[in-house]
Amino acid sequence: NPVDWYPWGEEAFNWAAELDKPVFLSIGYSSCHWCHVMAEESFEDLSVAELINDVFVAVKVDREERPDIDNLYMTVCQLMTRQGGWPLTIIMTPDKKPFFAATYIPKRNRYGRIGLLELIPLIKELWQNKREELMKNAEKAIEILKYEEHHESLPKEKVQINTDIITDAVMELNMIYDDIYGGFGTAPKFPIPHQGIFLLNYYNKSGDKKALEMVEKTLIQMRAGGIYDHLGSGFHRYSTDRSWSLPHFEKMLYDQALLLYLFTTAYQITKKDLYKSTIVELVRYLKRELSSDKGAFYSAEDADSEGEEGKFYLWEIEEIKNILKDDADIIIDLYNVN
């Protein structure tokens, strides 16, 4: 695309210092849907690319190649905006001090977000005429990062966890639990396996049946919902709605790994066939689709096929009828195809 991307390295930052330009850092990865969206609508657009090339030195990072850089600047984004995700957009000084952070940015103002065509001239104006304000932002971010790094580097004392903390955690999960569809919180709804693993461990220690009930309802609803691939197996990244019906179609290796662990733990406790069959199907999927013939695993499957999100997974009624003939109505009814 027409953005003049540099790889992460001293060349880019030295050039930015020489030109006295801020650095536009974009972090993404190959199977990230919104990374593709931002690339197609902005980075491949000549008007946006010209603006980026005029105002910044642009740096592109693949988070799967450089998880260290991604981790650092994702922390920056979370500290500055209270949220994170990909694509990750950081604007910083040539000496790597960040003063602006965001995730996906549309081409124009949309979704309650400022667009690149509006943001970039604003950054240019601030950089040229009000740089002290940007520097204050950058220094604040650096101070918080230094504090975080210092805190992390301190030797960890062995502490006895107060059981009140565990009880409080269970109560908080109880408060955000969706007793109709399972899961925690509202849309978009992510499968968060460590919550379920925690509750199952708590059930094993306490015998609290509500903890087990919350996990089971969540697993059953997810397994029955559109977030699960009923033909090929594997769980999609998240559900865009509360009822697990309409997924974001990306599949991540680490989601499968943690969900496999969660379903296995649930099966060990309950011996329910649904959990066992899900475990078997997930393992088959991992071997068939995410295993490389070189011995390693692939990290993800893209949400997009032929430039369209979910195209590989979506079925038209006519396709179902052509394949299943007289049995088609059963599937159309069961899977609520309309």
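Being a predicted model, the structure only gives us computed values, none of them experimental.
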Other residues, nucleotides, ligands: >12 heavy atoms within 6.0 Å of Glu118 CD | yes

Should the ring pair His230 and Tyr228 be called parallel, tilted or perpendicular, given that the plane angle runs from 0 to 90° and is split at 30 and 60?
-> perpendicular

May I ask you to test the Asp229-Glu281 pair for a side-chain heavy-atom distance under 4.5 Å?
-> no

So among Arg237, His236, Glu309, which one has a side-chain hydrogen bond (donor to acceptor under 3.5 Å, both in side chains) with His248?
-> Glu309

Are Glu143 and Lys136 within salt-bridge range, i.e. N to O under 4.0 Å?
-> no

Would you confirm whether Lys325, through its side chain, and Asn322, through its main-chain N or O, come within 3.5 Å as a donor-acceptor pair?
-> yes

What do you reckon, are the aromatic ring centroids of Trp5 and Phe43 less than 6.0 Å apart?
-> yes

Please name all residues satisfying salt bridge (charged side-chain N to carboxylate O under 4.0 Å, His left out) with Asp326, sequence neighbours left out, ordered by chain then number.
-> none

So, do Tyr73 and Val76 sit near enough that their side-chain heavy atoms are less than 4.5 Å apart?
-> yes

Honestly curious: do Leu19 and Leu25 fall in one hydrophobic cluster under the side-chain, below-4.5 Å linking rule?
-> yes

With Lys97, which residues qualify under side chain to side chain contact (heavy atoms under 4.5 Å, CB included), at least two apart?
-> Thr93, Asp95, Ala138, Glu139, Ile142

Kindly work out whether a path of hydrophobic side-chain contacts (I/L/V/M/F/W/Y, heavy atoms less than 4.5 Å apart) joins Val23 to Tyr6.
-> yes

So, Lys107 and Ser42: side-chain donor and acceptor under 3.5 Å apart, yes or no?
-> no

Any side-chain heavy-atom pair of Thr264 and Tyr261 under 4.5 Å | no

Any luck finding a side-chain donor-acceptor pair between Ser291 and Tyr298 under 3.5 Å?
-> no

Check the hydrophobic clustering (I, L, V, M, F, W, Y; side-chain heavy atoms under 4.5 Å; chains of links allowed) and say if Ile52 and Leu46 are grouped together.
-> no

Following the transitive rule for hydrophobic clusters with a side-chain heavy-atom cut-off under 4.5 Å over Ile, Leu, Val, Met, Phe, Trp and Tyr, establish whether Tyr254 and Leu88 coincide in one cluster.
-> yes

For residues Leu116 and Leu51, determine if any side-chain heavy atom of one lies less than 4.5 Å from a side-chain heavy atom of the other.
-> no

Contact list for residues 165-191, test salt bridge (Lys or Arg N to Asp or Glu O under 4.0 Å), sequence neighbours left out | Asp178-Lys189, Asp178-Arg242

Tyr267 ring centre to Lys271 NZ or CZ under 6.0 Å, with the angle to the axis within 45°?
-> yes

Sub-4.5 Å side-chain heavy-atom contact between Tyr313 and Leu231 | no

Check: Asp304/His33 side-chain N/O donor and acceptor closer than 3.5 Å = yes

Heavy-atom distance under 4.5 Å between the side chains of Thr218 and Tyr177, does that happen here?
-> yes

Looking at Leu199, Ile269, Leu212, which hits side chain to side chain contact (heavy atoms under 4.5 Å, CB included) with Asn204?
-> Ile269

Classify the angle between the aromatic ring planes of Phe24 and Phe56 as parallel (below 30°), tilted (30 to 60°) or perpendicular (above 60°).
-> tilted

Do Ile165 and Leu200 belong together in a cluster built from hydrophobic side chains that touch within less than 4.5 Å?
-> yes

Looking at side-chain heavy atoms only, is the closest gap between Glu301 and Phe249 below 4.5 Å?
-> no

Between Lys272 and Glu216, is there a side-chain N and carboxylate O pair less than 4.0 Å apart?
-> yes

Would you please classify the geometry between the Phe263 ring and the Tyr275 ring as parallel, tilted or perpendicular, with 30° and 60° separating the classes?
-> perpendicular

Pair Arg113-Ile105, side-chain contact (heavy atoms from CB on, under 4.5 Å): steps then yes or no = CA-CA 7 Å; Arg113 299 168 185 256; Ile105 304 174; 5.9 Å; no

Salt bridge (Lys or Arg N to Asp or Glu O under 4.0 Å) between Lys210 and Asp208, worked out = CA-CA 6 Å; Lys210 182 63 191 293; Asp208 183 343; over 6 Å; no

Nearest heavy atoms of Met214 and Leu173, plus distance in Å = SD-O, 4.3 Å

Are Leu286 and Leu260 side-chain neighbours, meaning at least one heavy-atom pair lies under 4.5 Å?
-> yes

